[in-house]
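To start, the structure itself, in structure tokens.
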Number of protein chains: 2
Amino acid sequence: MKWDTLEEEPCSLARTVAVIGDRWSLLILRECFLRIRRFDDFQGSLGITRHLLADRLKKLVRFGVLRKIPYQEAPKRYEYILTQKGLDLYPIIMSIVHWGNIHMVDARGRPLLHEHKSCGKMFDPVMVCSECGEPLSAKAVHVHPGPGARKSSPVHASARERAKRAAESS
Amino acid sequence: MKWDTLEEEPCSLARTVAVIGDRWSLLILRECFLRIRRFDDFQGSLGITRHLLADRLKKLVRFGVLRKIPYQEAPKRYEYILTQKGLDLYPIIMSIVHWGNIHMVDARGRPLLHEHKSCGKMFDPVMVCSECGEPLSAKAVHVHPGPGARKSSPVHASARERAKRAAESS
DNA sequence: GACCATAAGTTCTATTTTAGAACTGTCAAT
DNA sequence: ATTGACAGTTCTAAAATAGAACTTATGGTC
């Protein structure tokens with residue numbers, strides 16, 4: 001599968017993965033949320049090769065996640081800042097950080113703590129239902145095909161076929 | 001940077017990216033949450049090469065995200081199911097899907113809709129503060145070094161150096 | 001008994017991507 | 001005139017991926 005076929009999949013996860021589904025994009029975005037904006041700062045803090053950094057920044061700009069803003073003329077220099085579309089990635093970044101905090105920390109504990117300015121407390125992110133406000137778990141969610149679903153979704157094709165065969169043979 | 005150096009970074013995001021930070025791992029996990037469990041079903045629904053699928057499943061088992069459970073003897077066959085550690089990835093998957101629903105859908109609309117069984121309504125996931133329950137935004141969060149932080153964090157090294165130079169020259 | 005199917009991989013080669021380092025161009029300051 | 005900052009580009013070697021064929025174990029069919 002090529003990266004550009006991924007963008008066209010009838011699946012919101014696949015399309016998002018086409019944008020952020022590689023390690024460097026996610027690490028670059030982490031830096032963006034930590035107020036890093038310039039090429040050499042990304043390069044220095046991440047240890048990414050300059051070649052790949054240029055490539056990934058270009059991709060994130062192309063997808064509208066980052067915007068190139070000039071911060072000086074002569075010589076013309078740009079910095080990369082998050083668009084609203086990019087800022088909306090915050091729940092993804094935070095849920096990734098939170099999972100790492102729970103499952104991947106060593107004996108020394110968390111590398112970073114997060115303070116919620118509104119309430120002044122150190123917090124963890126919690127994902128809740130927009131309708132009832134209760135915390136979400138995989139088991140409490142049922143999936144339905146939406147208007148953008150593919151007629152015959154490939155997602156369950158072979159599992160469905162096995163189910164059909166089982167039904168026929170009984 | 002190698003994948004295994006990523007696991008040891010003093011950053012919960014980097015460590016999580018070492019586990020799920022490639023397109024196939026995320027797509028495999030999507031299938032897991034849609035109740036796909038078997039090798040050929042993953043292969044058929046994703047179109048991933050068998051080689052890479054075997055490799056990624058092995059990695060996810062190694063990290064304790066999936067567990068191999070025998071479902072028949074003679075010949076011995078296994079299926080892959082999510083551990084609790086794997087189930088805890090749900091907020092990550094959901095926030096990725098949600099971002100795609102908002103920013104990457106075409107004219108036809110969302111491929112999938114989600115129903116919250118507890119309240120019976122179609123919902124979107126919302127990330128809130130564990131302490132006050134308010135929705136989170138990047139701007140309302142302040143980051144502090146935690147107990148597992150590196151002494152001299154490389155994260156802001158060059159930005160800090162620039163700040164220092166600016167201070168000295170003024 | 002020979003032949004086909006199922007399931008879960010493994011092996012092979014060609015292509016693509018990435019790592020690592022060096023190089024380019026523009027301007028400012030010394 | 002030289003040095004340094006900044007934002008890239010170019011180069012080659014190493015690693016990862018795609019795509020297809022092959023393997024192993026078993027059960028069922030002609």
Side-chain angles (χ1 to χ4, degrees), chain A residues 1-6 17-18 21-28 31 36-61 66 68-81 157-159 161-166 168-169, chain B residues 1-6 17-18 21-28 31 36-61 66 68-81 157-166 168-170:
Chain A
M1 192 192 278
K2 307 278 172 51
W3 278 99
D4 40 341
T5 68
L6 207 52
V17 163
D22 69 283
R23 59 177 153 171
W24 288 123
S25 295
L26 284 165
L27 289 165
I28 288 166
E31 299 303 274
I36 296 291
R37 294 167 144 76
R38 299 186 186 174
F39 193 92
D40 277 18
D41 289 342
F42 285 114
Q43 208 271 319
S45 66
L46 290 174
I48 185 177
T49 63
R50 307 179 73 78
H51 180 91
L52 273 209
L53 177 59
D55 185 78
R56 291 297 186 276
L57 288 172
K58 207 172 287 176
K59 190 187 75 172
L60 291 169
V61 168
L66 297 180
K68 246 175 128 161
I69 305 280
Y71 70 89
Q72 73 172 36
E73 309 289 322
K76 200 110 178 176
R77 296 276 183 249
Y78 297 90
E79 53 189 13
Y80 295 88
I81 64 156
S158 40
E161 274 160 28
R162 184 170 44 250
K164 204 173 73 175
R165 280 196 305 278
E168 281 166 353
S169 69
Chain B
M1 192 193 277
K2 307 278 171 53
W3 279 98
D4 41 339
T5 68
L6 208 53
V17 163
D22 69 283
R23 60 176 152 168
W24 289 122
S25 296
L26 284 164
L27 290 166
I28 289 167
E31 298 303 272
I36 295 291
R37 295 168 144 77
R38 300 186 186 175
F39 193 92
D40 278 17
D41 289 342
F42 284 114
Q43 209 271 320
S45 67
L46 290 174
I48 184 176
T49 63
R50 308 179 72 78
H51 181 91
L52 273 208
L53 177 59
D55 185 78
R56 291 296 187 277
L57 288 172
K58 208 173 286 176
K59 190 186 76 173
L60 291 170
V61 169
L66 296 180
K68 247 175 128 162
I69 305 281
Y71 70 89
Q72 73 171 38
E73 309 290 321
K76 201 111 178 175
R77 296 275 185 250
Y78 296 90
E79 52 190 13
Y80 295 89
I81 64 158
S158 41
R160 257 197 283 104
E161 275 160 29
R162 184 170 47 249
K164 204 173 74 175
R165 281 196 304 279
E168 281 167 354
S169 70
S170 68

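This one's a predicted model, so the numbers in the text were calculated from it and none came from an experiment. Just so we're on the same page: letters track the sequence lines, and every chain starts at 1.
- Separating the CG atom of Leu53(A) from the P atom of dT9(D) is a distance of 11 Å, rounded to the nearest angstrom.
- The distance from atom OH of Tyr78(B) to atom C1' of dA25(D) is 13 Å, rounded to the nearest whole Å.
- Listed pair Tyr80(B) / dG9(C) meets the phosphate criterion, a side-chain N or O lying under 4.0 Å from OP1 or OP2.
- Considering only side-chain N and O atoms, Lys58(A) lies nowhere under 4.0 angstrom from the phosphate OP1 or OP2 of dA7(D).
- Nucleotide dA7(D) holds its P atom 6 Å from the CG atom of Asp40(A), rounded to whole Å.
- Arg23(A) pairs by the salt bridge (charged side-chain N to carboxylate O under 4.0 Å, His left out) definition with nothing, not counting sequence neighbours.
- Taking atom CG of residue Leu27(A) and atom C1' of nucleotide dT18(C), one finds them 15 Å apart after rounding to whole Å.
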So which protein N/O to nucleotides 17-20 of chain D N/O distances come out below 3.5 Å?
{"from": "dT17(D)", "atom 1": "OP1", "to": "Arg56(B)", "atom 2": "NH2", "distance (Å)": "2.7"}
{"from": "dT17(D)", "atom 1": "OP2", "to": "Arg56(B)", "atom 2": "NH2", "distance (Å)": "3.3"}
{"from": "dA18(D)", "atom 1": "OP1", "to": "Met1(A)", "atom 2": "O", "distance (Å)": "3.2"}

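- Per the geometry, CD1 belonging to Ile28(A) stands 14 Å off C1' belonging to dT18(C), to the nearest Å.
- In this structure, the NZ atom of Lys59(A) is 17 Å from the P atom of dG8(D), given to the nearest Å.
- Not one side-chain nitrogen or oxygen of Tyr71(B) sits closer than 4.0 Å to the OP1 or OP2 atom of dT6(C).
- One can place CG of Asp41(A) at 13 Å from P of dG8(D), the figure rounded to the nearest angstrom.
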What nitrogen or oxygen pairs link the protein and nucleotides 24-30 of chain C at under 3.5 Å?
{"from": "dC27(C)", "atom 1": "O3'", "to": "Ala74(A)", "atom 2": "O", "distance (Å)": "3.2"}

